Novice: 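Have a look at this one.
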Protein chains: 2
Amino acid sequence: MYEKKIPKDFSCGISITFEIIGGKWKPCLIDSINKGIRRPSEIAKKHPLASKRVLSLQLKELEAYGVVKKVIYPVLPPKVEYFSTTSI
Amino acid sequence: MYEKKIPKDFSCGISITFEIIGGKWKPCLIDSINKGIRRPSEIAKKHPLASKRVLSLQLKELEAYGVVKKVIYPVLPPKVEYFSTTSI
DNA sequence: CAGCATCCCTAAGGATACTG
DNA sequence: CAGTATCCTTAGGGATGCTG
C-alpha cells in the first residue's frame with residue numbers, strides 16, 4: 001500500500017517556478033551567486049549551516065534548469081565558479 | 001543523535017516568500033480562489049488528487065499569513081468561503 | 001459540508017567519510 | 001578544493017474515519 005504518489009500539479013504557473021527555484025537553499029544560493037560569491041568554498045562559508053552535500057545538490061538543480069552556469073577551471077587544486085545566467 | 005535541526009534561512013527575501021506561499025498545493029489554491037472558486041467543496045473538486053486534509057492545512061496556512069480570508073456562514077449545513085485579500 | 005484525529009509513508013535534507 | 005557515496009532522520013504530505 002501507499003504506492004500512490006500524487007504527482008506535482010503544474011496547472012498553475014507558480015508551481016513551475018517553485019519547481020525551479022524551490023528548495024531549502026536554492027533562493028539563498030541564487031542570491032549569493034548574484035552578489036558575486038561564486039566559488040563553492042565561499043558559498044559554503046556564507047551558509048555555514050548547510051551541508052556541502054545539499055548545497056552541491058541544489059547547485060546542480062539550478063544548473064540543470066539553466067538558472068546558473070558552472071565553469072570548471074582545469075587547474076590544481078580544482079577551481080569552480082558559478083555564474084548567474086540572468087543580468088538584473 | 002540527529003538532534004540538530006537546521007533552521008530555515010530567511011536571510012534572503014525569496015525564502016520568506018516561499019515560507020508564505022510554498023507548499024505542494026498553495027500556489028494552486030491561491031490561483032483557484034483568485035478565480036472565484038471559494039468553497040472548500042468546489043476547491044476539492046478542482047483538485048481531485050489532493051486530500052481534503054492537506055488542502056485544509058494549506059488553506060489554514062494561507063489564512064494565517066493573511067493571503068486569504070475565511071468567511072464562515074452560521075448556517076446548516078455549514079458554509080465556508082475563502083477570499084483573496086489581494087485585488088489584482 | 002467542513003474539519004479534525006489518527007496513523008503512516010516517502011523524499012528532501014543532514015552527518016560523515018572518502019576520492020581525485 | 002570540489003564532489004560523491006553511504007547511511008540516517010524528519011517533517012511534509014497522504015489515507016481513512018469520525019464529529020457537529
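Being a predicted model, the structure only gives us computed values, none of them experimental. Order of the sequence lines sets the chain letters (A, B, ...), proteins ahead of strands, with each chain counted from 1.
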Novice: Starting from B:Leu57, can I reach B:Val67 by hopping between I/L/V/M/F/W/Y residues whose side chains sit under 4.5 Å apart?
Specialist: no

Novice: Which residue, B:Ser51 or B:Leu76, contacts DNA chain D at a nucleotide closer to its 5' end, judged by nearest heavy atom?
Specialist: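 The residue closer to the strand's 5' end, by nearest nucleotide, is B:Ser51.
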
Novice: Between CG of A:Asn34 and CG of A:Leu29, what distance do you get to the nearest 0.5 Å?
Specialist: 11.5 Å

Novice: State, yes or no, whether a side-chain contact exists between A:Leu59 and A:Ile33 at a heavy-atom distance under 4.5 Å.
Specialist: yes

Novice: For B:Lys35, enumerate each residue passing the salt bridge (Lys or Arg N to Asp or Glu O under 4.0 Å) test, keeping only those at least two apart in sequence or located in another chain.
Specialist: B:Asp31

Novice: Side-chain contact test, heavy atoms from C-beta onward, threshold under 4.5 Å: evaluate it for A:Pro40 versus A:Leu55 and give yes or no.
Specialist: no

Novice: Give me, pair by pair, the N or O atoms of the protein and of nucleotides 2-5 of chain C that are less than 3.5 Å apart, along with how far apart they are.
Specialist:
{"unit_1": "C:dA2", "atom_1": "OP1", "unit_2": "B:Arg39", "atom_2": "NE", "d": "3.3"}
{"unit_1": "C:dA2", "atom_1": "OP1", "unit_2": "B:Arg39", "atom_2": "NH2", "d": "3.3"}
{"unit_1": "C:dA2", "atom_1": "OP2", "unit_2": "B:Ser41", "atom_2": "N", "d": "2.8"}
{"unit_1": "C:dA2", "atom_1": "OP2", "unit_2": "B:Ser41", "atom_2": "OG", "d": "2.9"}
{"unit_1": "C:dG3", "atom_1": "OP1", "unit_2": "B:Lys70", "atom_2": "NZ", "d": "2.6"}
{"unit_1": "C:dG3", "atom_1": "N7", "unit_2": "B:Lys52", "atom_2": "NZ", "d": "3.3"}
{"unit_1": "C:dG3", "atom_1": "O6", "unit_2": "B:Lys52", "atom_2": "NZ", "d": "2.9"}
{"unit_1": "C:dC4", "atom_1": "OP1", "unit_2": "B:Lys60", "atom_2": "NZ", "d": "3.1"}
{"unit_1": "C:dC4", "atom_1": "OP2", "unit_2": "B:Lys60", "atom_2": "NZ", "d": "3.1"}

Novice: Heavy atoms only, 4.0 Å cut-off, all strands: where does B:Gln58 land among base, sugar-phosphate and nothing?
Specialist: sugar-phosphate

Novice: With ILVMFWY side chains joined below 4.5 Å, transitively, what does A:Val75's cluster contain besides itself?
Specialist: A:Val71, A:Tyr73, A:Phe83

Novice: Kindly express the pairing pattern of DNA chain D in dot-bracket notation, using | wherever a base pairs with another strand and counting only Watson-Crick or G-U pairs under 3.5 Å.
Specialist: ||||||||||||||||||||

Novice: May I have the list of side-chain donor-acceptor pairs in residues 17-26 of chain B shorter than 3.5 Å, sequence neighbours left out?
Specialist:
{"unit_1": "B:Glu19", "atom_1": "OE1", "unit_2": "B:Lys8", "atom_2": "NZ", "d": "3.2"}
{"unit_1": "B:Lys24", "atom_1": "NZ", "unit_2": "A:Ile6", "atom_2": "O", "d": "2.7"}
{"unit_1": "B:Lys26", "atom_1": "NZ", "unit_2": "B:Ile20", "atom_2": "O", "d": "3.1"}
{"unit_1": "B:Lys26", "atom_1": "NZ", "unit_2": "B:Gly22", "atom_2": "O", "d": "3.1"}
{"unit_1": "B:Lys26", "atom_1": "NZ", "unit_2": "B:Glu61", "atom_2": "OE1", "d": "2.9"}

Novice: I'd like to know if the side chain of B:Thr85 reaches the main chain of B:Gly66, judged simply by a donor and an acceptor atom lying under 3.5 Å from each other, with no hydrogens or angles considered.
Specialist: yes

Novice: Within residues 14-37 of chain B, find the residues that approach DNA chain D with a heavy atom at under 4.0 Å, and present them sorted by residue number.
Specialist: B:Gly23, B:Lys24, B:Trp25

